[in-house]
Trainee: 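Take a look at the following structure, please.
All values reported here derive from a predicted model rather than from experimental measurement. Proteins get letters first, then strands, A, B, ... in listed order; numbering begins at 1 in each.
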Amino acid sequence: MGEQYYDTGYVAILIVLLFSGFVLFNIRRAIASKGSGKDVYIRRIAGLNAIEEAIGRATEMGRPVLMVPGIGGLNAISMQALNIFGHVTKTAARFATPIRLCCADAAVYTVAQEIISETYQSEGLMERFDQDSVRFVSDRQFAFATGVSGTIHREKVAAAFFLGEFFAESLIFAETANSVGAIQVAGSTQNTQTPFFIAACDYVLISDEFYAASAYLSRQPVLVGSLVGQDWVKMTIMAMVFLGSLSSTFESLGGPRTTSPDGEPLPFPARKSVGDSGFYRMLSPEKPKEADIPKRELEESEAAPQGEEGGGA
Amino acid sequence: MMHWFSGLPLAQAQNLMFFEAEGGSQRAYLMAFAAIFVGLLLVFAMFNTPIRLRRPIIVAVTFLAGAFYFLSWLWPIPIGYEPGQKPLNGTEAFGLALQDGTTVMGKILQVIQGILLFLGVYSVLRVHAGRFVKKQKDWAFSLVLLLSMMTMIIFGYAEYIDNVRSNGAHSAVESWTIWQYGKDFLFDGMLQNMDAAMFSIIAFFILSAAYRAFRIRSIESTILLTSALIMILALMGLAEYGSTQVINGMTGGDPSHFANNFSLTSVRIWIRDNLQGPSIRALEWGIFIGGLAMGIRLWLSLERSGGGS
């Protein structure tokens with residue numbers, strides 16, 4: 001916590017602020033240029049191209065489209081998932097395809113209901129909005145998994161979108177949806193679950209493709225600008241990795257280490273590790289030592305009894 | 001120096017205790033009713049706010065809440081601070097005030113989560129009670145769900161109240177009443193086991209998913225299949241032993257021989273450290289950057305949610 005400013009800890013703070021600056025600068029640039037965002041090239045993301053195909057198929061079959069925003073709470077990940085579902089719903093509303101949005105968190109459920117009803121409203125198709133299409137199932141992991149699997153089986157969904165924070169239930173959803181022949185588009189911010197989705201689903205959004213989705217689908221200047229900012233951040237990180245490798249390599253060429261990090265002489269020379277490099281130390285502050293803790297006075301309420309005791313003695 | 005911050009409430013200051021009361025005391029009930037009244041007043045005020053003003057209010061609240069957490073993360077917090085000590089300066093005092101605020105904000109969030117859970121339960125009741133009343137398809141499942149939910153709620157609350165009233169006298173198995181037996185049977189005897197049953201299904205799903213995924217269809221799937229095969233074999237004792245024996249036969253047991261690099265274990269470790277590890281880190285960086293950008297857009301209300309324009 002407080003040790004963040006001790007030693008070199010402020011460097012990491014400055015780097016995050018710089019990254020945030022990149023994102024904000026590009027958003028501002030995109031808004032100022034008043035472009036539609038169509039002039040910025042975003043590489044093809046197969047999973048997102050498949051949305052219309054999946055909904056079209058559901059419409060032809062007369063079956064619903066299932067959306068699950070994971071089992072995480074209301075945070076940036078679930079909000080992004082709901083944003084993508086907003087776009088899915090927009091297409092589904094035009095085709096009059098029924099949707100099912102199953103939530104495991106009450107806060108996500110309330111926001112989801114707002115977003116979905118707003119989407120129908122913005123399309124002027126409010127009469128097609130079924131209030132029960134957005135459901136809270138359970139906040140218990142496997143009860144939720146059971147509920148969603150039951151919905152998949154009973155309603156024979158034609159397309160399933162699993163986007164958000166998933167854990168052990170990911171494969172249960174994916175395999176159940178596969179068993180009813182649904183087209184599946186999935187994406188999780190949990191790297192442990194991505195392999196399961198890759199093995200079981202038709203299309204998978206990997207890593208930041210998940211966050212790029214709304215920019216890809218809507219081309220809103222704010223989102224496209226943010227995406228460009230993210231690319232700037234990536235390039236900066238790549239440059240830092242390169243510089244870090246170079247600095248570690250050159251520092252390790254300077255011979256073995258003869259003193260400990262505290263400056264004490266070592267009994268025998270030790271091989272330099274990555275942790276000895278200046279670049280590593282710059283990003284990894286040392287824990288404060290006892291001597292670094294400043295002396296503070298006691299509060300008056302705390303100091304009074306001690307004073308009395310002292311007086312008595 | 002910002003010494004004017006020194007007057008702000010600290011974690012140990014008495015004025016924060018204003019929000020706390022002993023459980024079951026008159027003050028606690030009074031504060032609970034006051035909180036409900038203020039909450040209802042806020043909800044009423046929000047409902048009666050002109051629609052054009054709602055967005056600015058939400059934007060302002062989002063910004064303030066975000067700014068609080070942003071400052072909590074950014075602001076330096078005193079090193080080695082002990083309760084009862086005076087902060088050295090305004091910076092330390094403000095840092096401590098932010099720490100205190102985090103606890104209060106956490107409690108506010110808990111209350112909001114509790115209120116939202118009611119909406120969640122209402123959603124479950126509306127969907128399933130509606131299906132049961134209208135005798136729609138699979139109404140029997142909805143009835144089972146409603147009955148299960150009610151039974152669990154009744155036994156859960158009854159057991160809690162019984163424990164509070166008896167001051168924990170019924171906590172030992174020998175002194176259990178029907179409420180403790182009922183809750184134990186429903187929760188540990190049924191719910192936990194059904195959870196475990198759902199979890200165990202994953203083992204079979206892994207097999208069926210792997211069967212579909214590990215097929216030679218393209219160059220990528222062949223690479224996937226090969227690396228998966230190496231990983232699986234290297235973790236199987238017999239295959240790993242066989243590979244080591246073959247390599248030992250080739251090298252004559254010389255640990256410095258180049259061929260040792262081709263044992264199943266060495267290849268597995270090489271794949272893990274040189275291919276899998278860096279790839280996962282790269283993916284995590286992507287997620288972190290995306291999350292940061294998304295967080296900024298949400299905090300500053302730059303994001304327009306959903307498919308609406």
Side-chain angles (χ1 to χ4, degrees), chain A residues 1-6 13 19-20 23-24 27 76-77 79-80 82-83 86-87 89-90 106-107 109-110 115 118-119 122 132 135-136 142 145-146 154 168 171-172 174-175 189 191 196 198-200 206-208 210-211 220 222 226 229-230 233-234 237 288 292-294 296-299 302, chain B residues 12 74 76-82 84-88 95 112-113 116-121 123-124 126-127 130 137-138 141 191 194-195 198-199 201-202 205-206 208-210 212-213 280 282-287 289-298 302-309:
Chain A
M1 293 286 276
E3 294 88 31
Q4 64 206 16
Y5 288 99
Y6 182 75
I13 302 253
F19 290 172
S20 310
V23 173
L24 286 172
I27 288 176
I77 301 163
M79 280 306 294
Q80 176 61 15
L82 293 177
N83 278 347
H87 292 282
T89 307
K90 198 173 174 177
Y109 159 73
T110 24
I115 290 178
E118 237 175 69
T119 306
S122 69
D132 291 343
R135 297 167 183 182
F136 172 78
F142 289 106
T146 315
R154 283 192 301 274
L171 199 58
I172 299 177
E175 279 298 282
T189 50
N191 282 323
F196 289 129
I198 290 173
I206 297 174
S207 183
D208 58 338
F210 172 68
Y211 287 107
Q220 282 178 32
V222 170
S226 170
Q230 284 169 240
V233 174
K234 276 189 210 167
I237 290 171
D292 300 317
I293 298 173
R296 296 186 184 88
E297 289 173 25
L298 288 175
E299 291 278 358
E302 298 283 331
Chain B
Q12 295 72 35
L74 189 74
I77 292 162
I79 298 169
Y81 180 82
E82 297 281 340
Q85 288 181 335
K86 254 187 200 174
L88 283 178
I112 295 173
Q113 284 280 351
L116 292 176
L117 191 62
F118 271 110
L119 292 176
V121 173
S123 159
V124 172
R126 197 186 55 217
V127 169
K137 193 181 169 233
D138 298 327
F141 294 132
L191 187 65
M194 286 191 282
D195 270 1
M198 275 309 282
F199 190 37
I201 289 174
I202 297 170
F205 282 156
I206 286 175
S208 62
R212 286 205 317 279
I280 287 179
L283 294 181
E284 281 172 355
W285 268 112
I287 290 166
I289 298 163
L292 178 76
M294 181 77 191
I296 292 170
R297 294 201 304 267
L298 286 174
L302 296 169
E303 185 91 14
R304 287 201 177 263
S305 298
S309 56

Trainee: Top residue by heavy-atom pair count (under 4.5 Å) with chain A, among L191(B), V121(B), L117(B)?
Mentor: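 Of the candidates given, the most pairs with chain A belong to L191(B).
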
Trainee: If you round to the nearest 0.5 Å, how far is CD1 of I237(A) from CD1 of I289(B)?
Mentor: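 With rounding to 0.5 Å, CD1 (I289(B)) is 3.5 Å from CD1 (I237(A)).
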
Trainee: Is it the side chain or the backbone of D138(B) that comes within 4.5 Å of chain A heavy atoms, both, or neither?
Mentor: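 The side chain, not the backbone.
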
Trainee: Roughly how far apart are I206(B) CD1 and E175(A) CD, rounded to 0.5 Å?
Mentor: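 Result: 10.0 Å between the selected atoms.
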
Trainee: Where on I77(A) is there a heavy atom nearer than 4.5 Å to chain B: the side chain, the backbone, both, or neither?
Mentor: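 Interface part for I77(A): neither.
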
Trainee: For the atom pair CD (Q85(B)) and CG (L298(A)), what is the distance rounded to the nearest 0.5 Å?
Mentor: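 Nearest 0.5 Å value for the CD-CG distance: 6.5 Å.
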
Trainee: How far does CD1 of I172(A) sit from CZ of F199(B), to the nearest 0.5 angstrom?
Mentor: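 Between atom CD1 of I172(A) and atom CZ of F199(B) there are 8.5 Å.
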
Trainee: Among I201(B), I202(B), I112(B), who wins on heavy-atom pairs under 4.5 Å with chain A?
Mentor: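 The candidate making the most pairs under 4.5 Å is I202(B).
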
Trainee: Contact part of T146(A) toward chain B, heavy-atom cut-off under 4.5 Å: side chain, backbone, both or neither?
Mentor: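 Both parts, backbone and side chain.
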
Trainee: Can you name the nearest heavy-atom pair linking R126(B) to Y109(A), along with the distance?
Mentor: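 Residues R126(B) and Y109(A), closest heavy atoms: NH2-OH, 3.9 Å.
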
Trainee: Any idea which heavy atoms bring S207(A) and L283(B) closest together, and the distance?
Mentor: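 Here S207(A) and L283(B) meet closest at OG-O, 2.7 Å.
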
Trainee: Nearest 0.5 angstrom please: F136(A) CZ to L119(B) CG, how far?
Mentor: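 Result: 10.0 Å between the selected atoms.
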
Trainee: Return the minimal non-hydrogen interatomic distance between A293(B) and S226(A), and the atom names on each side.
Mentor: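 Residues A293(B) and S226(A), closest heavy atoms: CB-OG, 3.5 Å.
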
Trainee: At what distance, to the nearest 0.5 angstrom, does CD of E303(B) lie from CD of Q80(A)?
Mentor: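 Nearest 0.5 Å value for the CD-CD distance: 6.5 Å.
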
Trainee: Quick check on the interface: out of D208(A), T189(A), V23(A), who has the most heavy-atom pairs with chain B under 4.5 Å?
Mentor: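 Ranked by heavy-atom pairs under 4.5 Å with chain B, first place is D208(A).
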
Trainee: Contact part of I287(B) toward chain A, heavy-atom cut-off under 4.5 Å: side chain, backbone, both or neither?
Mentor: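 Interface part for I287(B): both.
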
Trainee: Backbone N or O of A200(A) within a donor-acceptor pair of the R212(B) side chain at under 3.5 Å?
Mentor: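 Pair found, side chain donor or acceptor close to backbone of A200(A).
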
Trainee: With a 4.5 angstrom heavy-atom cut-off, is it the side chain or the backbone of F118(B) that approaches chain A, or both, or neither?
Mentor: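 Neither; nothing under 4.5 Å.
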
Trainee: Chain A: which of A209(B), A213(B), G95(B) shares the most heavy-atom pairs with it under 4.5 Å?
Mentor: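 Highest number of heavy-atom pairs under 4.5 Å: A209(B).
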
Trainee: How close do A76(A) and L298(B) get, counting heavy atoms only, and between which atoms?
Mentor: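 Shortest heavy-atom contact: CA-CD1, 4.0 Å.
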
Trainee: Could you tell me which portion of F196(A) (side chain, backbone, both or neither) has an atom closer than 4.5 angstrom to a non-hydrogen atom of chain B?
Mentor: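 Contact with chain B involves the side chain of F196(A) alone.
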
Trainee: What part of N191(A) is in contact with chain B, defined as an atom under 4.5 angstrom from a non-hydrogen atom: side chain, backbone, both or neither?
Mentor: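 The side chain, not the backbone.
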
Trainee: Please report the closest heavy-atom contact between P294(A) and I79(B), naming both atoms and the distance.
Mentor: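 Closest pair (atom of P294(A), atom of I79(B), distance): CD-O, 3.9 Å.
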
Trainee: Holding to side chain to side chain contact (heavy atoms under 4.5 Å, CB included), I want the full list of residues that pass it with A210(B), two or more places apart in sequence or in another chain.
Mentor: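 For A210(B) the side chain to side chain contact (heavy atoms under 4.5 Å, CB included) partners, ignoring immediate neighbours, are F214(B).
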
Trainee: If you look at every heavy atom in P78(B) and R296(A), which pair is closest and at what distance?
Mentor: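 Heavy atoms of P78(B) and R296(A) come nearest at CB-NH2, 3.2 Å.
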
Trainee: Residues in salt bridge (charged side-chain N to carboxylate O under 4.0 Å, His left out) with E284(B), at least two apart?
Mentor: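 Partners of E284(B) under the salt bridge (charged side-chain N to carboxylate O under 4.0 Å, His left out) test: none.
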
